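Reading through the structure tokens given below for one structure.
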Amino acid sequence: MSRAKLDVIRDARPSILPSLLQCDFGNLQGEVERLAAAGTQVLHLDVMDGHFVPNLSFGMPIVEGLRRHTDMPLDVHLMISDPVAYAKPMVDAGADLLTFHVEAMRGKDAAETKGRIENAVGQIRDLGVGVGLAINPSTPMNELGGHVALVDLVLVMSVEAGFGGQQFNPVSLTRIQEIRAAFPNVMIEIDGGIKASNIGAARQAGCDLFVVGSAITDRSDYGEAIVELNEAMLAGAQPAGTQGTPSEGESR
Ligand SMILES: O=C(CO)[C@H](O)[C@H](O)COP(=O)(O)O
Ligand SMILES: [Fe+2]
């Protein structure tokens, strides 16, 4: 665990982050090796608790097992009701960036919600890893509130969290534009239904990290899938004056 791995994620932008959600769980080591050979720099891990979302995926033992097979940064998407309770176990297992959902933090009023989010951000930061905040397409943007300035990354969901293979919701593009205009330096990640046909628009909107599950793992040749996605992503022009070029390598 380390913030140094967070810098690896920053420097990799713009970058495609394969999600392992629909890969062959009977051969995780082989899947990671295939993705690494295809040029993957960061892995996206979807943790679901069957409570916050109606699906179960995996927890710390899988994160820990993956950590033993790769040095790549592990970007862990927590779709769980109590991210604070699992933050330290996840970091001990090898997570480098923990992203939790604003929807998991709702309190009885705005003040309680704000307190919960600030507490979660603080606790994760104290563990020495990156912090991300995620929002579902059905959640009003005001629930992100003033919290973007506190985090390293905003995860704009382009499907309702819970399952791979869903259809892309274009409301995510407008949201990315809004966040990028207000926060030129925050990392913006998009997740859900990303394919070669929509990844360029996400880039153009100002996104810099692109989670892709089924459009990679449904393909027999991961390398070919990632090359196609990269080309389509880079073909999406960046919004003028808001982002550096990949070659600048600047810290944003
Ligand atoms: O967070 C997720 C689901 O909640 C996954 O990261 C996402 O669905 C990736 O899969 P796909 O690209 O097939 O949509
Ligand atoms: Fe995800």
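Atoms within each ligand, like the ligands themselves, are counted from 1 in listed order. Predicted, not measured: the structure shown is a model, and the values here were computed from it.
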> Do any nitrogen or oxygen atoms of His77 come within less than 3.5 Å of a nitrogen or oxygen of ligand 1?
Replying inline: yes

> Would you say Gly162 has any N or O atom under 3.5 Å from an N or O of ligand 1, going by distance alone?
Replying inline: yes

> How close does the nearest protein non-hydrogen atom get to atom 6 (O) of ligand 1, and which residue and atom is it?
Replying inline: Asp191 OD1, 2.7 Å

> Can you name the N, O or S atom of Asp191 that is closest to the Fe ion (ligand 2)?
Replying inline: OD2

> Among all protein non-hydrogen atoms, which one is nearest to atom 13 (O) of ligand 1, and what is the separation to 0.1 Å?
Replying inline: Ser214 OG, 2.6 Å

>> Tell me whether the rings of His101 and His77 are parallel (<30°), tilted (30 to 60°) or perpendicular (>60°).
In response: parallel

>> One thing to verify: whether Glu31 and Arg34 come together as a salt bridge, which I'm taking to mean a side-chain N less than 4.0 angstrom from a carboxylate O.
In response: yes

> Looking only at distance, does Gly192 have an N or O less than 3.5 Å from an N or O of ligand 1?
Replying inline: no

>> Please state which option from Ser19, Pro18, Gly193, Gly164 has its nearest heavy atom closest to atom 14 (O) of ligand 1.
In response: Gly193

> So which N/O/S atom does His77 have closest to the Fe ion (ligand 2)?
Replying inline: ND1

>> Tell me whether Glu160 has any N or O atom under 3.5 angstrom from an N or O of ligand 1.
In response: no

>> Do Tyr222 and Thr217 have side chains that approach each other closer than 4.5 Å (heavy atoms only, starting at C-beta)?
In response: yes

>> Among all the protein's non-hydrogen atoms, which is closest to atom 2 (C) of ligand 1, and how far away is it?
In response: Asp46 OD1, 3.4 Å

> Between the side chain of Lys5 and the main-chain N/O of Asp71, is any donor-acceptor distance below 3.5 Å?
Replying inline: yes

> Looking at Ile124 and Ala87, what are the two nearest heavy atoms and their distance?
Replying inline: CG1-CB, 4.0 Å

>> Geometry only, no angles: is Gly213 polar-contacting ligand 1 at N/O separations under 3.5 Å?
In response: yes

> Hey, are Asp96 and Arg67 close enough for a salt bridge, meaning a charged N less than 4.0 Å from a carboxylate O?
Replying inline: yes

> Nearest heavy-atom pair of Ile226 and Pro18: which atoms, and what distance?
Replying inline: CD1-CG, 4.3 Å

>> Tell me whether Lys88 is salt-bridged to Asp126, with the criterion being a basic N under 4.0 Å from an acidic carboxylate O.
In response: no

>> So if I count the atoms of ligand 1 from 1 in the order they appear, which ones are less than 4.0 Å from some heavy atom of Val211?
In response: 6 (O)

> What is the closest protein heavy atom to atom 3 (C) of ligand 1, and at what distance does it sit?
Replying inline: Phe163 O, 3.5 Å

> What closest approach, in Å, do Pro137 and Met157 show between heavy atoms, and which atom pair accounts for it?
Replying inline: CG-O, 3.5 Å

>> Which of the numbered atoms in ligand 1 are under 4.0 angstrom from any heavy atom belonging to Gly165?
In response: 11 (P), 13 (O), 14 (O)

> At a 4.0 Å threshold, what atoms of ligand 1 neighbour a non-hydrogen atom of His44?
Replying inline: 6 (O)

> If you take all heavy atoms of Pro73 and Ile9, which pair is closest and at what distance?
Replying inline: CB-CG1, 3.6 Å

> If you look at His44, which of its N/O/S atoms is nearest to the Fe ion (ligand 2)?
Replying inline: NE2

>> For N/O/S atoms only: which one belongs to Asp46 and is nearest the Fe ion (ligand 2)?
In response: OD1

> With a 4.0 Å cut-off, would you call Asp7 and Arg3 a salt bridge?
Replying inline: no

